[in-house]
Structures are given as structure tokens and as C-alpha cells.
Peer 1: 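Pasting in a structure now, in C-alpha cells, and then I'll have a few things to ask.
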Amino acid sequence: GTVTGLGAVNISSGQLNLESATTTATSLTQSGGTLTGSGTLTVTGAASFSGGTENGGGTTILQGGMTLASSLTLDGARVLQLEGTGTIDGTNVTLALDNNSTVVIEAGAIFNDATVSGGGFGGITFNGTGSTEAVTNEGTFEKTGSSSFSTVNVAFSTTDGVVNNESGLLKFTAGGTDVGATYEGAGTTEFSGGTRTLDATSRVNEANLDFNGGTVTLLSGSTYNAASTT
């Protein structure tokens, strides 16, 4: 069914179960608790996350972008779909993708890792508990904050999108498939695990690229132009 007119939704504890409904909200603030259901929640305005879990196999569409300040867990094949600008700030931020959950950065959307240095590494970590958790980037994934490094421990694939690392170390440890992808920026991007393929239309214009594990295949026709390769 369709449920509309939720207005501003604030989840701090307990559980909000939207079941199989197609639902809209003008904004979403989640600091704890659980959002669940197999349907689709479309947030037309701002979304803010600082804790909590989303599960139930449904999809959360963030049309107005988001902010992530500390942690968020996606579980049970949950899909988080970013259509605006997502800003990740603070230190030691964790986005956990468990049991086949995924993050989709849509064309035109921006996922901005603006994390700063703090205790430990200070950046964002994507973690997964299974074998099919993934980030699909069709827009722009960028690291602009001063954190020493950020780590993507799930498969990360870019299709006609951009990975722009302007600061510090950005580590991809679980491989992926890139089609029409562009890697660029003044920072260092590290491929350190899994199997990654860059197709003939992909381009590497990164200042510093570090191969530190796994297998990376550059198909014939792809462009590789790194100022420094390790």
C-alpha cells in the first residue's frame, strides 16, 4: 500500500515498522532504534544519522541528501539510496553493511567523506559481515576531510562515476567492478584486497596509487596516469 504525510520522522529508540508500505517523510533523524520493513521510505528533505539500525529488506531513498556523524547499521538486505549530497563528518565513523545490505550513490549524487583526524584513524569505515555487501557508485564518492585514512571493507564498484580522493589515504580492501570510472585527486588511493577490474572506458588520473594486495586488472583501452605508483 501507500502511506503518505509522515512529516518529520525522529527515531531515537524502539522500532518503527513500515511493513511493505510505500511511504514518504519530509525529513528523517535517526540517533538510535530500528527502522524496519520491506517497503520503500522516500525522504524528500534532510536526513541525519548518528546511530541506530535499518533492516527488513526495504529501501530508504534520500532525495535531500544526508549527514552521518557517528554510526549507522544496515542489516538484512537493506538498501540506502543517496540522491542528494551526503556529508560524513566527525571522527571514527562506521557505516556497517550486514547480511547483503547495500549503499547506492545515484548519478548526480555526492558522498563526501569529510571526516577529520582523531583517536585512531578518524575516518569512515565501511564494514560488512557477509560476502555480498556492496557500495555502488554512479555519482561521486569523495574524500575531502583531514582524516589520516578511510577504509572500504566491502565491494565497491563505480559505473560512470567518480572517485575523488583529495586528502589522506583511501583504502579499498574488497575489490569491485569499474565501468566508465574515474579515479582522481591529490590523495593516495590504495587497492589492498579482493579482485578489481577497470574496463576500457575507465580512467586513473590519481596523484598517488598504491597496490598493496589483491588483484587489479586494467583492461586494454583504459587510461592509467598516476604521478606516483607503489
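This one's a predicted model, so the numbers in the text were calculated from it and none came from an experiment.
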Peer 1: Taking C-beta and beyond as the side chain, do Thr136 and Val103 meet within less than 4.5 Å on heavy atoms?
Peer 2: no

Peer 1: Does one hydrophobic cluster hold both Leu74 and Leu18, with members joined at side-chain heavy-atom distances below 4.5 Å?
Peer 2: yes

Peer 1: With side chains defined as the heavy atoms from C-beta onward, is the minimum distance between Glu106 and Gln81 less than 4.5 Å?
Peer 2: yes

Peer 1: Once you round to the nearest 0.5 Å, how far does OG1 of Thr60 lie from CG of Leu28?
Peer 2: 7.0 Å

Peer 1: Enter the distance from Leu170:CG to Glu142:CD here, rounded to the nearest 0.5 Å.
Peer 2: 11.5 Å

Peer 1: Restricting to non-hydrogen atoms, name the atom on Ser167 and the atom on Gly145 that form the minimum distance, rounded to 0.1 Å.
Peer 2: OG-O, 2.7 Å

Peer 1: Out of curiosity, does Ile105 fall in the hydrophobic cluster containing Val93 (side-chain heavy atoms, cut-off under 4.5 Å, transitive links)?
Peer 2: yes

Peer 1: Which residue pairs satisfy the salt bridge (charged side-chain N to carboxylate O under 4.0 Å, His left out) criterion with at least one member in residues 12-33, sequence neighbours excluded?
Peer 2: none

Peer 1: Step by step, work out the side chain to side chain contact (heavy atoms under 4.5 Å, CB included) result for Asp98 and Thr73.
Peer 2: CA-CA 7 Å; Asp98 296 337; Thr73 297; 3.7 Å; yes

Peer 1: Apply ring pair (Phe, Tyr, Trp, His ring centres under 6.0 Å) to Phe49 and list each qualifying residue two or more places apart in sequence or on a separate chain.
Peer 2: none

Peer 1: Can you tell me which residue pairs pass the salt bridge (charged side-chain N to carboxylate O under 4.0 Å, His left out) test with a partner in residues 212-225, sequence neighbours excluded?
Peer 2: none

Peer 1: Kindly give the heavy-atom pair with the smallest separation between Asn99 and Glu133, and that separation in Å.
Peer 2: N-OE2, 2.9 Å

Peer 1: For the atom pair OG1 (Thr144) and CG (Asn112), what is the distance rounded to the nearest 0.5 Å?
Peer 2: 3.5 Å

Peer 1: Backbone N or O of Thr53 within a donor-acceptor pair of the Gln30 side chain at under 3.5 Å?
Peer 2: yes

Peer 1: Taking only residues at least two apart or on different chains, which pairs with a member in residues 206-219 satisfy side chain to side chain donor-acceptor pair (under 3.5 Å)?
Peer 2: Thr189-Glu206

Peer 1: To check you understand the geometry: which heavy-atom pair defines the closest contact between Leu198 and Ser202, and what is its length?
Peer 2: CB-CB, 3.9 Å

Peer 1: Under 3.5 Å, is there a donor on one side chain and an acceptor on the other for Thr36 and Asn17?
Peer 2: no

Peer 1: Under 3.5 Å, is there a donor on one side chain and an acceptor on the other for Ser150 and Asp113?
Peer 2: yes

Peer 1: Would Val79 and Leu97 show up in the same hydrophobic cluster when neighbours are defined by side-chain heavy atoms closer than 4.5 Å?
Peer 2: no

Peer 1: Any chance you could measure Leu95, atom CG, to Leu68, atom CG, to the nearest 0.5 Å?
Peer 2: 6.0 Å

Peer 1: Side-chain donor-acceptor contacts of residues 222-230 below 3.5 Å, not counting sequence neighbours, with atom names and distances?
Peer 2:
| unit_1 | atom_1 | unit_2 | atom_2 | d |
| --- | --- | --- | --- | --- |
| Ser222 | OG | Leu219 | O | 2.8 |
| Tyr224 | OH | Thr229 | OG1 | 2.7 |

Peer 1: Determine the minimum heavy-atom distance between Gly51 and Ser70, stating which atoms define it.
Peer 2: N-OG, 4.2 Å

Peer 1: Let me confirm one number: the CG-CG distance from Asp199 to Leu218, rounded to the nearest 0.5 Å.
Peer 2: 10.5 Å

Peer 1: Could you go step by step and tell me if Val135 and Val154 meet the side chain to side chain contact (heavy atoms under 4.5 Å, CB included) rule?
Peer 2: CA-CA 7 Å; Val135 177; Val154 298; 3.9 Å; yes

Peer 1: Verify the cluster assignment for Val104 and Ile110: are they in a single hydrophobic cluster under the rule of side-chain heavy atoms below 4.5 Å apart?
Peer 2: no

Peer 1: Tell me which pairs pass salt bridge (charged side-chain N to carboxylate O under 4.0 Å, His left out) where either residue lies in residues 70-96, with sequence neighbours left out.
Peer 2: Glu54-Arg78

Peer 1: What pair of heavy atoms forms the shortest contact from Thr201 to Val179, and how long is it?
Peer 2: OG1-C, 4.1 Å

Peer 1: Measuring from Thr23:OG1 to Leu6:CG, what's the distance to the nearest 0.5 Å?
Peer 2: 6.0 Å

Peer 1: Could I get the full list of ring pair (Phe, Tyr, Trp, His ring centres under 6.0 Å) partners for Phe172, not counting sequence neighbours?
Peer 2: Phe156

Peer 1: Can you check side-chain hydrogen bond (donor to acceptor under 3.5 Å, both in side chains) on Thr29 and Asn10, steps first, answer last?
Peer 2: CA-CA 5 Å; Thr29 301; Asn10 189 330; 5.1 Å; no

Peer 1: Is the side chain of Asn165 donor-acceptor paired with the backbone N or O of Gly168 at a distance under 3.5 Å, no angle test?
Peer 2: yes

Peer 1: Going by side chain to side chain donor-acceptor pair (under 3.5 Å), name the residues that satisfy it together with Thr26, two or more places apart in sequence or in a different chain.
Peer 2: none

Peer 1: With side chain to side chain donor-acceptor pair (under 3.5 Å) as the rule and sequence neighbours excluded, what pairs involving residues 170-182 come up?
Peer 2: Asn153-Thr173, Asp178-Tyr183, Asp178-Arg196, Thr182-Arg203

Peer 1: Run the side chain to side chain contact (heavy atoms under 4.5 Å, CB included) check on Leu16 and Val9 step by step: do they pass?
Peer 2: CA-CA 10 Å; Leu16 174 61; Val9 175; 4.0 Å; yes

Peer 1: Can you list the steps and then say if Gln63 with Thr42 is a side chain to side chain contact (heavy atoms under 4.5 Å, CB included)?
Peer 2: CA-CA 7 Å; Gln63 292 183 335; Thr42 299; 3.5 Å; yes

Peer 1: Sequence neighbours excluded, which residues qualify as side chain to side chain donor-acceptor pair (under 3.5 Å) partners of Thr140?
Peer 2: none

Peer 1: Looking at Met66 and Ile88, what are the two nearest heavy atoms and their distance?
Peer 2: CE-CD1, 3.9 Å

Peer 1: What pairs meet the salt bridge (charged side-chain N to carboxylate O under 4.0 Å, His left out) rule with one or both residues in residues 212-223, with sequence neighbours excluded?
Peer 2: none

Peer 1: Listing request: all ring pair (Phe, Tyr, Trp, His ring centres under 6.0 Å) pairs with a residue in residues 97-117, at least two apart in sequence or in separate chains.
Peer 2: Phe111-Phe126, Phe111-Phe141

Peer 1: Can any side-chain N or O of Thr94 pair as donor or acceptor with the backbone N or O of Leu72 at less than 3.5 Å?
Peer 2: no

